[in-house]
Novice: 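Starting off with a structure, shown below.
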Amino acid sequence: MSEQFPNMDYDADEVINGFKEKFKWPKAGEVQAVVKPGKMPLRLLISALITLVVGGVLYYMMLPALNFKDSQMYVFIITLIIVFMAAFSFVCRANKKLERKEYVKKKSIIPIIIIIVIILVMLIGWLCGATLFRAKSYSKLMPVSSSDFSEDFKTINYDTVPRLDQLRAVTLADQQLGSLSEYKSQYMVSNTTTMINLNGSPVRVAYLEYADVFKWFNNTKNGLPAYMVIDLVSQQVTVVNCLDKFGEGIKYSPTELFNEKVLRHIRFQYPTALLGTPNFEINDDYRPYWITAVLDKTIGLFGGTDVKGVIITDALTGDSNYYDIEEVKTNDELQWIDVVYGDSLIIEQYNYYGKLKNGFWNSIIFQNDVNLTSSGYGYIAMDDDVWLYTGITSSESDSSNFGFILCNKRTKETRYYEKGGAIENAARESARDAVQNYGYEAIFPILLDIENQPTYFMSLYGSSNTVKGYALVNLADKTIVGTGLVDNLKSDIKALNAAVQNYISALQDKGVIGSDVDLNDYIADENEPAPDTPPAVQEGNTVTGAVSSIKTSVNDGNTYYYLEINGKYYYISVVDCMEVLLVNKGDTVSVTVEGGSGGKFVKASDVTVK
């Protein structure tokens, strides 16, 4: 029987494994054949079209400058290469056929090399501009000159400096907008405002935003109808209706969604420019514009950010013009522009100056003559410009300042004042302690000159974000404090005067100043006509005289101005006469009255500034 059957002496596992070896699917590393897919021109075209579509969407969202000094451009190019590689792999069906996957991998070598080269260029460009190697260049970005405190500050009166910061200004604007029924359900006030010097007065201008995307769909055709002007001294808010004044709304703003989004609109007009953040400003005729700094990288490929020009964009029509920075500084027709250099850029450039003027290693190891800006900053309206103020402190301690700077936000002129004393936050604590029973807080202070004493001035505010009083704190001795509270004195100007009187008394008590100081030199009374004001002259229905005070009110959504001339108030709506917005206290005006001039309040039909 055994001769009739084959030999059964073998291992079954060896047979099964041998069978698997003949029919198993090869691993990626074992594939020898590389198969080129057919119709390659068509596949490349489809991949390019996919990349073009995705790239267009990415460009529309990212808005990189087509400029070798923009790091976003390199990121954009690398992203496009990756998108093309992914699209090519998909079109070749490399995920389905292993031999095609090997083909795609071989063809990906060149794109990967390009990406590596781009990254190396970025790295070399960054190293060429690193502070380690270019410390001196960074320290020269901001020229700083010493200046005389008493001389520069002698024209700044405590009753003409800003009493509101941005948060409090927006709060007032929100309250005003809430009283206007035609606006309050559709729009809200932007949290971003711009402080400007408008006809010699510090104000903040705030544009409106659509309340939500549905309100945008409902209103974007006509644009934003108005903007807000917040007087930082009088704390009055004016709604400027662009539809009434200019016949059209603000079509270009950050609150738009598509091509009317202001930064996107400017990018399409200037595709190679390095753009800063657009600032909302108005000219002397109250026409709204967007002021966008054009930046340059002056050290290496990405370092040494500075401003080389400005793009002025009409917020109503979208028309834009570029001006070189030197023309902005010297052209009188562009004097109305107030904000070219941003706060963060000014702080950054001064810190480079303070840290690196004696070299990179000194800023880390020896730290001889190393100084930095303090933890905050404020603003002063001076010389028809806006100046940023911040204290200067040692890199080793932030408990006191040994000086401070003013920097012109239009020209970057920077003045250093060597005045040591309490740091700003310490002054705020002293002011808060003086009114601790009320729980008030203080805004970031600014410096004033009172009897040749550098003095911190700040407003006090409560939980409702409204001004509740004022405080003055001595720079050299923070225990010398003067306060005045609005609720106690029932008047804003009385509270301001009380703060000054209490401060001067505290200076005298400490022997800092003499007892012969005349307090009347510091008392401001807005209800009194300006000294040497000639009497008003009336000819027919026209009254000509000096404006001793200005008040405003809102009735039925319209803003009315009340101009006091020799004890009478001549009132007119902004809708009826936009020129009334240009009137300042002390101006001589001609007022056309209606129906005679009897009584204390007289209706006017026209106002002209002489």
Side-chain angles (χ1 to χ4, degrees), residues 138-139 141-149 152-153 156 161-168 193-197 202 204 232 277 279 293 305-307 338-357 363 369-383 385-431 442-449 454-459 471-476 478:
Y138 277 95
S139 68
L141 285 172
M142 173 179 281
V144 180
S145 60
S146 297
S147 194
D148 182 76
F149 173 77
D152 290 349
F153 280 72
I156 303 176
V161 297
R163 305 177 193 175
L164 301 172
D165 59 7
Q166 177 164 266
L167 178 59
R168 259 52 68 176
T193 66
T194 307
M195 179 175 164
I196 64 173
N197 194 332
R204 281 192 175 271
L232 301 181
T277 301
N279 293 303
T305 304
D306 208 352
V307 177
D338 285 309
V339 180
V340 173
Y341 294 86
D343 300 337
S344 59
L345 181 60
I346 291 173
I347 298 298
E348 178 185 76
Q349 288 196 356
Y350 182 84
N351 285 339
Y352 284 143
Y353 168 82
K355 289 170 57 179
L356 302 174
K357 58 187 174 184
S363 70
D369 196 24
V370 171
N371 56 80
L372 302 168
T373 58
S374 57
S375 58
Y377 47 84
Y379 309 94
I380 295 176
M382 185 174 68
D383 302 333
D385 279 316
V386 174
W387 298 69
L388 180 142
Y389 154 83
T390 186
I392 303 301
T393 187
S394 168
S395 61
E396 298 179 355
S397 173
D398 60 356
S399 59
S400 63
N401 288 338
F402 53 77
F404 66 95
I405 61 169
L406 289 182
C407 182
N408 190 310
K409 298 192 68 178
R410 180 175 62 89
T411 66
K412 205 177 71 172
E413 176 190 352
T414 304
R415 302 174 183 175
Y416 172 73
Y417 303 87
E418 190 174 354
K419 292 288 183 180
I423 202 167
E424 294 90 349
N425 285 336
R428 295 173 72 181
E429 291 175 2
S430 293
I443 67 172
F444 190 86
I446 57 177
L447 272 179
L448 300 177
D449 182 9
T455 302
Y456 285 120
F457 170 85
M458 63 204 87
S459 299
L472 297 168
V473 179
N474 188 264
L475 173 67
K478 67 179 181 180

Novice: Taking all non-hydrogen atoms of both residues, which atom of A381 and which atom of M195 are closest, and how far apart?
Specialist: N-CE, 4.2 Å
Novice: Using the side-chain contact (heavy atoms from CB on, under 4.5 Å) rule, take L448 and I156 through it: C-alpha gap first, then chi angles, then the decisive distance, then the call.
Specialist: CA-CA 7 Å; L448 300 177; I156 303 176; 3.7 Å; yes
Novice: Can you check whether D152's main-chain N or O pairs, donor with acceptor, with Y417's side chain at less than 3.5 Å?
Specialist: no
Novice: For the residue pair Q349 and C407, establish whether any side-chain heavy-atom pair is separated by less than 4.5 Å.
Specialist: no
Novice: Can you tell me which residue among D383, D343, D385 is in a salt bridge (charged side-chain N to carboxylate O under 4.0 Å, His left out) with K409?
Specialist: D343
Novice: Check whether S459 reaches the backbone of R163 with its side chain - one donor and one acceptor, N or O, closer than 3.5 Å.
Specialist: yes
Novice: Quick check: closest heavy atoms across T390 and G376, and the distance to 0.1 Å?
Specialist: OG1-O, 2.8 Å
Novice: How close do R428 and A442 get, counting heavy atoms only, and between which atoms?
Specialist: NH2-O, 2.8 Å
Novice: For the backbone of T193 and the side chain of Q166, can you confirm whether one donor and one acceptor N or O come within less than 3.5 Å of each other?
Specialist: yes
Novice: To the nearest 0.5 Å, tell me how far N408 CG sits from W387 CH2.
Specialist: 4.5 Å
Novice: Would you say L164 and R204 make side-chain contact, with heavy atoms under 4.5 Å?
Specialist: no
Novice: How far does CG of D165 sit from CG of L232, to the nearest 0.5 angstrom?
Specialist: 9.0 Å
Novice: Could I get the full list of ring-ring contact (aromatic ring centres under 6.0 Å, His included) partners for Y389, not counting sequence neighbours?
Specialist: F404
Novice: Rounded to the nearest 0.5 Å, what separates atom CG in D306 from atom CG in L141?
Specialist: 6.0 Å
Novice: Checking side chain to side chain contact (heavy atoms under 4.5 Å, CB included) between L406 and each of F149, F153, Y416, Y379, which is the one that passes?
Specialist: F153
Novice: More than 12 non-hydrogen atoms from neighbouring residues, nucleotides or ligands closer than 6.0 Å to NZ on K412, yes or no?
Specialist: yes
Novice: Roughly how far, to the nearest 0.5 Å, is NZ of K419 from CG of D449?
Specialist: 8.0 Å
Novice: Could you tell me whether the side chain of D338 and the main chain of N197 form a donor-acceptor pair under 3.5 Å?
Specialist: yes
Novice: Is there a donor-acceptor pair under 3.5 Å between the side chain of T194 and the backbone N or O of N279?
Specialist: no
Novice: Which atom names give the shortest non-hydrogen contact between S400 and G421, and what distance separates them?
Specialist: CB-O, 3.3 Å
Novice: Quick one: does E424's side chain have a donor or acceptor within less than 3.5 Å of a partner on G391's backbone?
Specialist: yes
Novice: For the side chain of T455 and the backbone of V473, is there at least one donor-acceptor N/O pair under 3.5 Å apart?
Specialist: no
Novice: Can you list everything that forms a ring-ring contact (aromatic ring centres under 6.0 Å, His included) with Y352? Sequence neighbours excluded, please.
Specialist: Y138
Novice: Evaluate the side-chain proximity of I446 to Y456: yes if any heavy-atom separation is below 4.5 Å, no if none is.
Specialist: no
Novice: Got a second to check how far Y377's OH is from I346's CD1, nearest 0.5 Å?
Specialist: 9.0 Å
Novice: Report the distance from atom CG of N425 to atom OG of S374, rounding to the nearest 0.5 Å.
Specialist: 7.5 Å
Novice: Quick check: closest heavy atoms across A422 and N401, and the distance to 0.1 Å?
Specialist: O-ND2, 4.0 Å
Novice: Any non-hydrogen side-chain atom of F402 less than 4.5 Å from a side-chain atom of E418?
Specialist: no
Novice: Ignoring hydrogens, what is the shortest heavy-atom contact between T373 and T393? Give both atom names and the distance.
Specialist: O-CG2, 4.2 Å
Novice: My understanding is that only residues two or more places apart in sequence, or in another chain, count here; which of them pass ring-ring contact (aromatic ring centres under 6.0 Å, His included) with Y350?
Specialist: Y353
Novice: Looking at side-chain heavy atoms only, is the closest gap between I380 and V161 below 4.5 Å?
Specialist: no
